[in-house]
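See below for the structure under consideration.
Basis for what follows: all heavy atoms, side chains included, without hydrogens, waters or symmetry-related copies. Counting convention: from 1, in listed order, for ligands and their atoms alike. Index from 1, following the sequence.
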Amino acid sequence: VNIETTVSDQVALVRLHRPEVLNALSLALMEELADRLTDFDRDPDVRVIVLTGDERAFAAGADIKEMADATPVEMIRRDQFARWDAIRRVKKPLIAAVSGYALGGGLELAMACDIIVAAESARFGQPEIKIGVMPGAGGTQILPRLVGMGKAMEMVLTGRPISAREAERLGLVTRVVPDGLCLDEALALAREIAAMPPLAVQHAKEAIRRSALAGVDLAFERKNFTLLFGSEDQREGMAAFLEKRPPRFTGR
Ligand code: CAA
């Protein structure tokens with residue numbers, strides 16, 4: 001079990017739980033997560049969903065061990081993006097409470113939510129470039145909408161993370177709270193929204209997403225991401241991460 005859930009006051013709390021790998025998003029975890037969120041979306045006792053990790057990490061990205069040896073064909077056959085699509089179809093508001101690292105797929109998962117609340121020491125980044133690939137779940141499509149093209153370029157092309165304060169200034173995060181208070185703040189916000197008329201809330205969410213995400217082309221990003229699994233630099237980048245050594249990239 002990679003996910004823990006509780007419900008109170010019409011708010012569902014969903015916690016990622018693979019602490020030994022900083023909540024890396026394995027295929028199994030993503031399947032469980034999509035299933036739980038889909039269940040809560042149908043549950044009449046739930047009006048808002050809060051998604052969180054632990055103090056060290058919201059999530060440090062897709063599970064590199066699972067991807068290190070994959071070919072493009074293998075990546076297509078895994079159909080991992082079906083899970084992401086299911087999460088993007090959730091009609092009820094999703095609030096991400098982020099402490100620690102939100103990197104790669106972890107940041108993309110936070111951006112798949114509707115509102116991000118961050119702890120002061122949280123770090124946000126798209127480090128895929130450092131392991132020979134690129135973001136595959138919204139980092140090149142949704143991030144530029146939130147932070148602007150230049151900043152998204154800088155983050156995706158250098159892999160360097162930004163602080164919670166900078167993320168707030170850029171509009172990626174809606175509020176920053178002292179460490180230790182992030183989940184409480186997210187739950188309070190969730191309860192405030194849960195007290196509003198559910199149909200109006202869901203229709204407003206749908207309308208805002210349609211406007212904010214117009215023109216986003218996730219399929220294009222997925223093709224480029226998948227193609228890179230045919231490169232030597234992807235093999236080298238991921239092997240180097242797992243062997244805890246610097247990579248040697250050649251452009252092949
Ligand atoms: N996948 C698999 N395992 C991971 C992981 C990941 N994304 N991130 C961390 N881990 C594992 C580490 O291998 C390590 O395992 P061991 O104890 O067995 O060695 C454990 O979690 C703890 O990590 P570190 O020892 O590295 O912890 P640290 O505090 O020194 O560093 C960190 C933390 C900077 C977040 C570092 O772990 C890191 O850089 N992680 C990878 C981040 C990354 O590249 N994410 C992008 C993945 S690709 C992606 O997400 C594609 C997409 O768009 C869908």
Side-chain angles (χ1 to χ4, degrees), residues 2 16-31 33-34 53-72 74-76 78-88 96 98-113 118-119 121-144 146 152 155-164 216-231 233-247 249:
N2 301 299
L16 308 178
H17 187 67
R18 289 186 81 206
E20 67 286 358
V21 286
L22 307 180
N23 295 328
L25 306 170
S26 62
L27 296 170
L29 182 150
M30 288 303 293
E31 186 161 359
L33 177 62
D54 54 44
E55 293 300 314
R56 229 182 131 202
F58 178 74
D63 191 315
I64 297 168
K65 216 173 249 177
E66 267 183 2
M67 294 185 299
D69 299 322
T71 62
E74 171 63 18
M75 293 299 278
I76 292 167
R78 284 180 186 182
D79 197 21
Q80 58 168 316
F81 293 114
R83 266 58 109 189
W84 290 84
D85 290 338
I87 294 168
R88 293 185 210 282
V98 176
S99 295
Y101 295 111
L103 301 178
L107 173 52
E108 291 167 312
L109 180 59
M111 290 191 292
C113 297
S121 64
R123 311 279 287 166
F124 298 84
Q126 298 285 168
E128 291 89 343
I129 204 86
K130 295 194 210 166
I131 54 170
V133 292
M134 60 175 270
T140 71
Q141 299 296 301
I142 299 170
L143 185 64
L146 302 178
M155 289 176 69
V156 169
L157 301 187
T158 68
R160 195 159 12 90
I162 61 173
S163 68
V216 158
D217 191 347
L218 292 170
F220 184 86
E221 179 187 71
R222 286 170 192 178
K223 291 282 181 214
N224 279 5
F225 172 75
T226 302
L227 182 63
L228 289 171
F229 282 79
S231 72
D233 283 346
Q234 175 273 327
R235 285 282 180 285
E236 167 62 10
M238 294 194 184
F241 175 80
L242 294 172
E243 291 161 18
K244 301 183 189 292
R245 61 169 174 82
F249 294 126

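Between the Glu108 side chain and the Gly139 main chain, a donor and an acceptor come within less than 3.5 Å of each other. Of the possible polar contacts, none joining the Glu236 side chain to the Gly132 backbone as a donor-acceptor pair under 3.5 Å is found. Listed for the Gln234 side chain is no donor-acceptor partner under 3.5 Å among the backbone atoms of Leu228. Side chain of Glu128 to backbone of Met134: no donor-acceptor contact under 3.5 angstrom is found.
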Does ligand 1 have any N/O atom under 3.5 Å from a protein N/O, and what are those pairs and their distances?
residue	atom	partner	partner atom	Å
ligand 1	1 (N)	Ala62	O	3.4
ligand 1	1 (N)	Ile64	N	2.9
ligand 1	7 (N)	Ala60	O	3.0
ligand 1	7 (N)	Ala62	O	2.9
ligand 1	19 (O)	Lys244	NZ	2.8
ligand 1	29 (O)	Arg56	NH2	3.2
ligand 1	45 (N)	Ala60	O	3.0
ligand 1	50 (O)	Ala62	N	2.9
ligand 1	50 (O)	Gly105	N	2.8
ligand 1	53 (O)	Glu108	OE1	2.7
ligand 1	53 (O)	Glu128	OE2	2.8
ligand 1	53 (O)	Gly136	N	3.0

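Contact annotation: the side chain of Phe229 never approaches that of Glu74 to less than 4.5 Å [non-hydrogen atoms, C-beta and beyond].
With Arg222 as the partner, the salt bridge (charged side-chain N to carboxylate O under 4.0 Å, His left out) test is satisfied by one option alone out of Asp85, Asp217, Asp79: Asp85.
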